[in-house]
J.: 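After the structure tokens below, expect a handful of questions from me.
Numbers here simply count residues along the sequence, with the first being 1.
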Amino acid sequence: MLAEMRIQGLGVIEDALLELHPGFTVVTGETGAGKTMVVTGLHLLSGGRSEASKVRTGSAKATVEGRFEHITGEQARIIIGDAGADVDEDDSVIALRSVSADGRSRAHLGGRSVPVGVLSELAEQLLAVHGQNDQLRLLRPAEQRAVLDRFAGDAVASPLADYRAVRQDWLAVAAELEERSTRSRELAQQADLLRHGLTEIEAVNPEPGEDAELTEQIKRLAAVDELRDAASAAATAVSGSPEGDPDVPGALGLVAEARRRLSGTEDAVLRDLEPRLAEAAVLLGDVGSELGGYLETLDADPERLEQVLARQSELKKLTRKYAADVDGVLAWADDARQRLESMDTSDEALARLAARRDELATELAGHAAAVSRARSEAAARLATEITAELAGLAMGQAEVEVTVTARRAEQAEEHALRVGGDLVHAGPDGVDDVELRLRAHSGAPALPVHKAASGGELSRVMLAIEVVLAHADTVQTLVFDEVDAGVGGRAAVEIGKRLATLARSHQVLVVTHLPQVAAFADRHLVVDKGTAEGITRSGVAVLAQEERVAELARMLAGMEETETGRAHAEELLSAAETFKSTPEPGKPGRGTKKKGTGKSSK
């Protein structure tokens with residue numbers, strides 16, 4: 001979760017520290033005080049787009065720093081580890097994003113400089129920001145399908161993974177069949193060239209590393225006289241004169257004389273040296289034998305030299321055409337054989353490919369049907385649960401339908417697949433179109449949610465979905481930026497209750513203008529602004545209980561000092577505390593949360 005966030009030099013905020021509650025934190029403030037800068041800071045911390053215009057006037061840069069605690073997700077830890085960052089002993093990590101006045105952006109994670117994309121990847125695992133503009137995501141069919149799949153969990157994810165694996169093979173085989181069928185003449189020409197190359201290589205039949213070995217042989221045969229002189233001189237120096245001349249004893253003879261003299265002495269130190277000379281004699285004897293063997297192989301053989309040069313010439317013809325050396329030529333030949341296997345355009349080869357394509361299509365259709373069944377079953381449950389949530393959000397007559405229909409396809413389409421007798425489009429996410437439809441009341445037709453819902457209703461539909469999907473969310477922190485726009489009265493109270501319910505399993509941060517929502521928070525932050533020397537500055541304060549009453553009264557009536565406003569604010573807070581202390585069916589109550597300290601950071 002996000003334990004705290006510091007914002008410096010961003011918009012009207014000069015320096016503010018937000019200490020967030022692990023449950024429900026609310027941010028309020030006067031219009032223009034800078035509440036939106038809190039969400040802007042979260043977007044920056046999440047790797048969002050940076051804008052130099054957001055840097056506070058007179059500041060060199062804007063900085064947002066966040067400390068995430070209790071990072072237990074495997075994927076999040078992998079992202080942190082791959083970036084070379086460190087997780088502290090308490091399973092926390094600090095992320096930082098800065099934007100300079102000239103627009104340059106920097107990102108740091110765990111004390112390391114990282115690309116901004118790393119913060120984006122990490123944020124996907126740790127938090128989700130929902131603003132008013134994010135409601136537009138509900139209008140996209142792909143997003144509605146993603147909502148259903150999240151709700152269904154493994155019931156859809158497992159057959160969908162099988163579907164995608166088979167679909168990849170099916171597309172590959174279909175593409176290969178299409179290529180062989182339409183490019184048969186071109187492929188036949190390429191195959192002829194490959195076969196010609198293979199024939200040339202097989203006729204020469206090179207061995208791995210043969211060119212390097214021949215080069216060494218040629219050097220030796222071409223310099224046989226010089227090599228014989230060097231080896232003979234070395235052999236004489238080691239073993240002595242071949243004729244047995246006593247004046248040329250060689251190293252072996254000298255060592256033998258040294259051993260004889262040492263072994264005949266009475267001194268123990270000198271006698272101890274004799275075994276070491278014996279070892280040297282053995283080594284010299286081995287070297288002398290090898291030199292003798294080498295000399296026997298150095299017979300001048302012009303005919304052999306000619307043969308080796310001829311073989312080298314054959315290999316060079318291949319290396320000039322196919323690769324830099326013999327090993328490369330052999331690799332080219334292996335690749336050519338594999339390519340020839342994919343260039344067979346005979347009727348038999350095409351028939352085999354067509355049969356394989358059809359076999360995969362049958363298998364793919366089975367997986368597609370399994371995905372569709374799982375989605376249809378989950379759609380009914382999702383619709384029921386969202387409808388129940390809407391009833392608690394003052395939309396008691398509304399009813400949600402989640403439809404799952406096959407996307408029809410034409411015969412000529414590339415991804416057309418026959419499933420259960422129907423020709424459908426086999427996309428990467430299956431063959432289904434998913435649509436959320438809303439029936440505003442019992443007599444109304446079910447319409448796409450964006451057509452049937454007003455702005456405030458769309459906010460409530462989105463919130464209902466988030467509550468229902470809370471059990472499937474892997475992110476720990478949910479952020480809502482005035483998603484309660486267009487809502488008031490009893491509906492606003494119910495939204496506050498739902499957010500408090502969501503905070504039982506997630507960390508929830510809400511920016512709102514509704515006192516009915518703010519009353520349900522576990523921690524209340526207020527963004528206030530002041531002017532000094534003609535400069536507007538905003539800061540963030542944590543409100544104590546009495547301060548919360550005043551702030552809620554201001555939000556209710558615009559005047560915190562009226563008795564009526566304060567009485568209404570106290571009533572709201574009391575009702576909220578009663579709700580939060582009441583356990584959900586089958587779950588323990590949350591109890592009373594610790595109030596704020598009343599300290600502020602400005």
J.: Could you grab the distance from atom CG of Leu556 to atom CG of Leu572, nearest 0.5 Å is fine?
T.: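 Going from the CG atom of Leu556 to the CG atom of Leu572 covers 5.5 Å.
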
J.: Rounded to the nearest 0.5 Å, what's the gap from CG on Leu364 to CG on Asp162? Could you check?
T.: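 Reported to 0.5 Å precision, the distance equals 11.0 Å.
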
J.: Contact between Leu127 and Leu509 at the side-chain level, heavy atoms closer than 4.5 Å - yes or no?
T.: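 Side-chain contact under 4.5 Å: no.
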
J.: Quick one: does Gln507's side chain have a donor or acceptor within less than 3.5 Å of a partner on Thr477's backbone?
T.: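 Checked: no pair found.
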
J.: Could Arg67 and Glu65 be called an ion pair, given the rule that one side-chain N must be under 4.0 Å from one carboxylate O?
T.: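 No salt bridge links Arg67 with Glu65.
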
J.: Is the shortest side-chain N to carboxylate O distance from Arg77 to Asp91 below 4.0 Å?
T.: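 Here Arg77 pairs with Asp91 in a salt bridge, since their nearest N and O are under 4.0 Å apart.
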
J.: Taking the side chain as every heavy atom from C-beta outward, state whether Leu390 and Glu399 have any atom pair closer than 4.5 Å.
T.: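 The answer is no, as the side chains (C-beta and beyond) never meet within the 4.5 Å cut-off.
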
J.: Check step by step if salt bridge (charged side-chain N to carboxylate O under 4.0 Å, His left out) holds for Glu494 and Lys497.
T.: CA-CA 5 Å; Glu494 295 302 328; Lys497 290 181 179 180; 3.7 Å; yes

J.: What residue among Ile465, Leu438, Val147 forms side-chain contact (heavy atoms from CB on, under 4.5 Å) with Ile386?
T.: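 Considering Ile465, Leu438, Val147, a side-chain contact (heavy atoms from CB on, under 4.5 Å) with Ile386 is found only for Ile465.
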
J.: Can a salt bridge be assigned to the pair Glu359 and Arg356 using a cut-off of 4.0 Å between side-chain N and carboxylate O?
T.: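 Looking at Glu359 and Arg356, the cut-off is met.
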
J.: Between Glu4 and Leu17, is there a donor-acceptor pair closer than 3.5 Å when you use the side chain of the first and the backbone of the second?
T.: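 Answer holds: no.
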
J.: Can you tell me how far CD1 of Ile13 sits from CD1 of Ile7, rounded to the nearest 0.5 angstrom?
T.: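 Rounded to the nearest 0.5 Å, the CD1-CD1 separation comes to 4.5 Å.
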
J.: How close do Thr63 and Ser98 get, counting heavy atoms only, and between which atoms?
T.: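 Looks like OG1-CB, 4.0 Å.
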
J.: Can you tell which of Val26, Val511, Val510 makes a side-chain contact (heavy atoms from CB on, under 4.5 Å) with Phe480?
T.: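 Only one option passes, and that is Val510.
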
J.: Between Gln144 and Val449, does the side-chain contact (heavy atoms from CB on, under 4.5 Å) criterion hold? Intermediate values first, please.
T.: CA-CA 10 Å; Gln144 294 178 8; Val449 66; 4.1 Å; yes

J.: Between Phe24 and Leu502, is the side-chain contact (heavy atoms from CB on, under 4.5 Å) condition met? List the steps.
T.: CA-CA 8 Å; Phe24 184 2; Leu502 195 57; over 6 Å; no

J.: Say you draw a straight line from CD1 of Ile71 to CE of Met1; how long is it, rounded to the nearest 0.5 Å?
T.: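 So the CD1 of Ile71 and the CE of Met1 are separated by 11.0 Å.
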
J.: Compare every heavy atom of Ala452 with every heavy atom of Leu447, then report the nearest pair and how far apart it is.
T.: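 Closest heavy-atom pair between Leu447 and Ala452: CB-CB, 3.9 Å.
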
J.: Measure the spacing between CG of Leu417 and CZ of Arg167 and express it to the nearest 0.5 Å.
T.: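 Interatomic distance, Leu417 CG to Arg167 CZ, rounded to 0.5 Å: 10.0 Å.
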
J.: Check whether any side-chain heavy atom of Glu385 lies under 4.5 Å from a side-chain heavy atom of Glu389, and answer yes or no.
T.: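 When only atoms from C-beta onward are counted, Glu389 and Glu385 do not touch, as no gap falls below 4.5 Å.
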
J.: Any side-chain heavy atom of Ile495 sitting closer than 4.5 Å to one from Gln516?
T.: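 A side-chain contact under 4.5 Å is absent here.
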
J.: For the pair Leu499 and Thr512, evaluate side-chain contact (heavy atoms from CB on, under 4.5 Å) and give the outcome as yes or no after the intermediate values.
T.: CA-CA 12 Å; Leu499 289 169; Thr512 184; over 6 Å; no

J.: Minimum heavy-atom separation for Arg437 and Ala446, please, with both atom names.
T.: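 Scanning both residues completely, I find the closest heavy atoms to be NH2-O, 2.7 Å.
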
J.: Report yes if some heavy atom in the side chain of Leu160 is under 4.5 Å from a heavy atom in the side chain of Arg375; otherwise report no.
T.: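 The answer is yes, as the side chains (C-beta and beyond) meet within the 4.5 Å cut-off.
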
J.: Taking Glu30 for its side chain and Asp528 for its backbone only, find out whether a donor-acceptor pair lies under 3.5 Å.
T.: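 Checked: no pair found.
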
J.: To check you understand the geometry: which heavy-atom pair defines the closest contact between Ala62 and Gly9, and what is its length?
T.: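 Heavy-atom minimum between the residues: CB-O, 3.2 Å.
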
J.: Which atoms form the tightest heavy-atom contact between Ala519 and Ala576, and what is the distance?
T.: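 In this case the closest contact between Ala519 and Ala576 is O-CB, 3.2 Å.
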
J.: How far apart are the closest heavy atoms of Val526 and Gly29, and which atoms are they?
T.: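 Result for this residue pair: CG2-CA, 4.1 Å.
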
J.: Please work out whether the ring planes of His415 and Trp170 are parallel, tilted or perpendicular, with thresholds of 30° and 60°.
T.: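 Tilted.
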
J.: Using atom types as modelled and distance alone, determine if a side-chain donor or acceptor of Arg97 lies under 3.5 Å from a backbone N or O of Gly48.
T.: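 Yes.
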
J.: Using modelled atom types and a 3.5 Å cut-off, is there a donor and acceptor pairing between side-chain atoms of Lys580 and backbone atoms of Ala521?
T.: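 Yes; judged by distance alone, with no hydrogens or angles, the pair exists.
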
J.: Quick one, Ile80 and Phe68 - any side-chain contact, counting heavy atoms below 4.5 Å?
T.: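 Contact flag for Ile80/Phe68 side chains = no.
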
J.: Should Glu413 and Arg408 count as an ion pair when the cut-off is N to O under 4.0 Å?
T.: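 A salt bridge is absent here (no side-chain N lies under 4.0 Å from a carboxylate O).
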
J.: To the nearest 0.5 Å, how far apart are CG in Leu525 and CG in Leu20?
T.: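 One gets 6.5 Å once the value is rounded to the nearest 0.5 Å.
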
J.: So which of Thr405, Val424, Val156, Asp432 actually passes side-chain contact (heavy atoms from CB on, under 4.5 Å) with Ser372?
T.: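 So the option named by the test is Asp432.
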
J.: Less than 4.5 Å apart, any side-chain heavy atom of Asp422 and any of Val431?
T.: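 SC-SC contact between Asp422 and Val431 ruled out.
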
J.: Applying side-chain contact (heavy atoms from CB on, under 4.5 Å) to Leu44 and Leu10, what does each step give before you reach the verdict?
T.: CA-CA 11 Å; Leu44 286 173; Leu10 185 64; 4.1 Å; yes

J.: Looking at Arg554 and Glu551, does any basic side-chain N land under 4.0 Å from a carboxylate oxygen?
T.: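 Between Glu551 and Arg554 there is a salt bridge, with a charged N closer than 4.0 Å to a carboxylate O.
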
J.: Quick one: does Ser581's side chain have a donor or acceptor within less than 3.5 Å of a partner on Thr578's backbone?
T.: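 Here the side-chain-to-backbone pair exists.
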
J.: Between His506 (side chain only) and Val508 (backbone N and O only), is there a donor and an acceptor less than 3.5 Å apart?
T.: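 No, because the side chain of His506 does not come within donor-acceptor range (under 3.5 Å) of the backbone of Val508.
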
J.: Using only atom types and a distance under 3.5 Å, with no angle test, would you say the side chain of Arg523 pairs donor to acceptor with the backbone of Glu19?
T.: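 Yes.
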
J.: Ignoring hydrogens and geometry, is there a side-chain-to-backbone donor-acceptor pair from Arg548 to Ala518 under 3.5 Å?
T.: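 Present.
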
J.: State, yes or no, whether a side-chain contact exists between Leu2 and Leu42 at a heavy-atom distance under 4.5 Å.
T.: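 Answer yes - side chains close enough.
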
J.: Sub-3.5 Å donor-acceptor pair from the side chain of Thr40 to the main-chain atoms of Thr36, do we have one?
T.: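 Checked: pair present.
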
